Amino acid sequence: MCTIQAKNDAFRKAVMFAPHPDGKAVMTPGVARLGSAVCARIYKQIAEFDDFTEDNDPYEDHDFGSIQPQGLPKIFWKIDYYEDADMEYGAEDKLNAYRVLVIMLSEEY
């Protein structure tokens with residue numbers, strides 16, 4: 001049985017490196033200004049993220065986290081859920097939702 005947690009983990013690990021049928025990854029202008037080499041480091045750290053705790057993941061969905069790449073500001077990432085790729089309506093069914101992984105500087109949250 002596929003869980004939201006398993007689907008989010010698989011999505012997060014794959015979406016930044018190739019097109020993904022379940023959604024897409026986007027970054028804020030602040031993250032984009034860091035440059036492509038830094039963004040590649042950020043993507044790798046987000047894909048490898050596994051520091052989920054009751055404090056940062058109370059619903060155990062694995063849909064939010066923060067990283068602190070060396071020498072950079074804190075980065076937040078979160079998965080938003082939509083009914084479809086038009087992203088007009090939020091999804092109630094997280095398991096079958098269109099996912100958007102948003103990567104932002106903590107100050108942009």
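Predicted model, so just to flag it, every value in this text is computed and none were measured.
Ring geometry for H62 against F52 counts as parallel: the plane angle stays under 30°, on a 0 to 90° scale with 60° as the upper cut.
Note that NE2 of H20 and OH of Y98 are 10.5 Å apart. Values are rounded to the nearest 0.5 Å. Distance check, rounded to the nearest 0.5 Å: NZ of K44 to CZ of F17 gives 8.0 Å. A distance of 4.5 Å separates CH2 in W77 from CZ in R12, rounded to the nearest 0.5 Å. Interatomic distance, Y89 OH to E83 CD, rounded to the nearest 0.5 Å: 10.0 Å. The OG1 atom of T28 lies 3.0 Å from the CD atom of E108; values are rounded to the nearest 0.5 Å. Atom CD of residue Q5 and atom CG of residue D61 lie 8.0 Å apart, to the nearest 0.5 angstrom.
Q68 places a side-chain N or O within 3.5 Å of a backbone atom of L72 that can act as its donor or acceptor partner. Side chain of D84 to backbone of D86: a donor-acceptor contact under 3.5 angstrom is found.
Under a hydrophobic-cluster definition in which Ile, Leu, Val, Met, Phe, Trp and Tyr are linked whenever side-chain heavy atoms come within less than 4.5 Å, directly or via other members, L101 and L95 are assigned to the same cluster. Following chains of ILVMFWY side-chain contacts shorter than 4.5 Å, one cannot reach V102 starting from I42, and the two form parts of different hydrophobic clusters. L105 and V100 are members of different hydrophobic clusters when ILVMFWY side chains are connected at heavy-atom separations under 4.5 Å. Taken together through direct or relayed side-chain contacts under 4.5 Å among Ile, Leu, Val, Met, Phe, Trp and Tyr, Y82 and I79 form parts of separate hydrophobic clusters. Residue Y109 is not grouped with residue M27 when hydrophobic side chains (ILVMFWY) are merged at heavy-atom distances under 4.5 angstrom, including chains of intermediate members.
At a cut-off of 3.5 Å, with distance as the only test, a side-chain donor of Y81 or D63 sits close to an acceptor on the other residue.
We find that R99 and D80 are not joined by a salt bridge, their nearest charged nitrogen and carboxylate oxygen being 4.0 Å or further apart.
Looking at heavy atoms from C-beta onward, M87 lies in side-chain contact with K24 at the 4.5 angstrom threshold. Two residues are said to be in side-chain contact when any heavy atoms from C-beta on lie closer than 4.5 Å; I103 and K78 fail this criterion.
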Apply the test side chain to side chain contact (heavy atoms under 4.5 Å, CB included) to residues C39 and V31: give CA-CA distance (whole Å), side-chain angles for both, the deciding distance (0.1 Å), then the verdict. CA-CA 7 Å; C39 286; V31 173; 4.0 Å; yes

One pair to check against salt bridge (charged side-chain N to carboxylate O under 4.0 Å, His left out): D9 and K7. What are the steps and the verdict? CA-CA 5 Å; D9 285 344; K7 196 156 187 178; over 6 Å; no

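In summary, of the residues considered (S66, S106, P69), a side chain to side chain contact (heavy atoms under 4.5 Å, CB included) with I75 occurs for P69 alone.
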